[in-house]
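Below is one structure, written out as structure tokens; comments come after it.
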Amino acid sequence: MKASTIFRRIIAALGATLVLGEKDGFAIEAKKNDTNGDNAPSQGEIGPVLEIPADNRTTGRFVELFDLENASNHTRGQIPDSWVIPVSHWGCTEWTNLGDIPIRKAIQAMIDWSAKPLGWLHAKSIHYELVDDVGAFVCNCKYCCFDRAPEDEMWEFYERLRANCGGEGRSGWIFSKEWDKGYAIASSESIDKKRTKTNLCPPNCSVM
């Protein structure tokens with residue numbers, strides 16, 4: 001059995017958020033969510049699904065997580081006016097068959113974590129939640145300010161992902177240079193494989 005698999009099962013058994021460590025002042029936190037039995041989110045607990053008109057869908061070419069140099073640039077005309085995240089870069093990754101329900105559960109897990117009194121993203125930190133084979137995470141690249149993963153932002157990210165990457169069950173990311181903040185969906189395996197979790201975030205994070 002892989003060491004990463006053993007580690008994830010230990011986290012699941014503890015049912016708690018763990019601080020994995022720090023590198024250059026960049027905090028790393030993770031939580032494995034139990035989606036079995038009584039702890040499984042119900043259909044009504046994993047957020048809304050909005051229909052994206054076909055003419056609002058785009059299909060971004062595959063790029064690596066937060067590869068800002070090769071990312072697509074945000075175009076205001078392609079999105080509903082209700083969306084508020086000032087996206088500067090976005091991309092679609094190659095993990096395209098993750099499944100819509102696990103993605104929505106992972107996003108809901110981020111929302112639930114952030115709604116807790118201690119659910120703050122410290123300055124220059126990353127927090128991720130693993131559900132089944134899917135990971136959702138947010139990078140707070142600001143040097144001095146706390147942030148959260150609020151419900152409205154996380155579901156807007158989900159809808160942007162569906163619109164940008166061609167439909168449900170697709171993985172990808174968005175980044176806001178103005179907010180110094182990134183949101184991503186990736187396979188849990190790709191997160192496990194990153195020995196240094198800060199490498200999941202943009203290079204130098206807030207130094208663009």
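These values consider heavy atoms only, across backbone and side chains, with no hydrogens, waters or symmetry-generated copies. These numbers were taken from a predicted model, which means no experiment stands behind them. Numbers here simply count residues along the sequence, with the first being 1.
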Would you sort out whether Phe157 and Ile185 count as a side chain to side chain contact (heavy atoms under 4.5 Å, CB included), showing the intermediate values? CA-CA 10 Å; Phe157 162 55; Ile185 287 289; 3.7 Å; yes
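- Between Gly135 and Ile191 the shortest heavy-atom distance is CA-CD1, 3.7 Å.
- Residues Thr93 and Gly172 approach most closely at OG1-N, 3.5 Å, considering heavy atoms.
- In terms of heavy atoms, Ser176 sits closest to Ile85 at CB-CG2, 4.3 Å.
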Verdict with reasoning, Cys165 to Cys92, per disulfide bond (SG atoms under 2.5 Å apart): CA-CA 6 Å; Cys165 298; Cys92 306; 2.0 Å; yes
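- At least one side-chain heavy atom of Glu129 sits less than 4.5 Å from a side-chain heavy atom of Trp113.
- Side-chain atoms of Asp147 and Val138, non-hydrogen and from C-beta on, never get closer than 4.5 Å to each other.
- Contact check for Glu159 versus Trp83: side-chain heavy atoms found under the 4.5 Å cut-off.
- Rounded to the nearest 0.5 Å, atoms CG (Leu200) and OG (Ser190) are 7.0 Å apart.
- A distance of 4.0 Å separates SG in Cys201 from CD1 in Ile126, rounded to the nearest 0.5 Å.
- Put simply, CD1 on Ile174 and CH2 on Trp179 are 8.5 Å apart, with the number rounded to the nearest 0.5 Å.
- Considering every non-hydrogen atom in both Ser88 and Lys177, the closest pair reads OG-N, 3.0 Å.
- Not a single donor-acceptor pair under 3.5 Å links the side chain of Asp100 to the backbone N or O of Glu168.
- Contact between Lys142 and Lys181 at its shortest, heavy atoms only, is NZ-CB, 4.4 Å.
- Two residues are said to be in side-chain contact when any heavy atoms from C-beta on lie closer than 4.5 Å; Glu156 and Val84 meet this criterion.
- From Asp112, atom CG reaches atom CE of Met154 across 11.0 Å, with rounding to the nearest 0.5 Å.
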As a quick check of understanding, evaluate side chain to side chain contact (heavy atoms under 4.5 Å, CB included) for Tyr143 and Asp180, giving each step before the final call. CA-CA 9 Å; Tyr143 280 113; Asp180 264 346; 5.8 Å; no
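- Taking 4.5 Å as the limit, some side-chain heavy atom of Tyr158 sits within range of a side-chain heavy atom of Arg162.
- The structure places SG of Cys145 at 10.5 Å from CH2 of Trp120, a figure rounded to the nearest 0.5 Å.
- For His127 and Phe137, the gap between ring centers reaches or exceeds 6.0 Å.
- Here Arg160 contributes atom CZ and Glu153 contributes atom CD; the two are 10.5 Å apart, rounded to the nearest 0.5 Å.
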Step by step, work out the side chain to side chain contact (heavy atoms under 4.5 Å, CB included) result for Ser188 and Asp132. CA-CA 8 Å; Ser188 57; Asp132 300 328; over 6 Å; no
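- Across every non-hydrogen atom of Leu161 and Trp173, the tightest pair is CD1-N, 3.9 Å.
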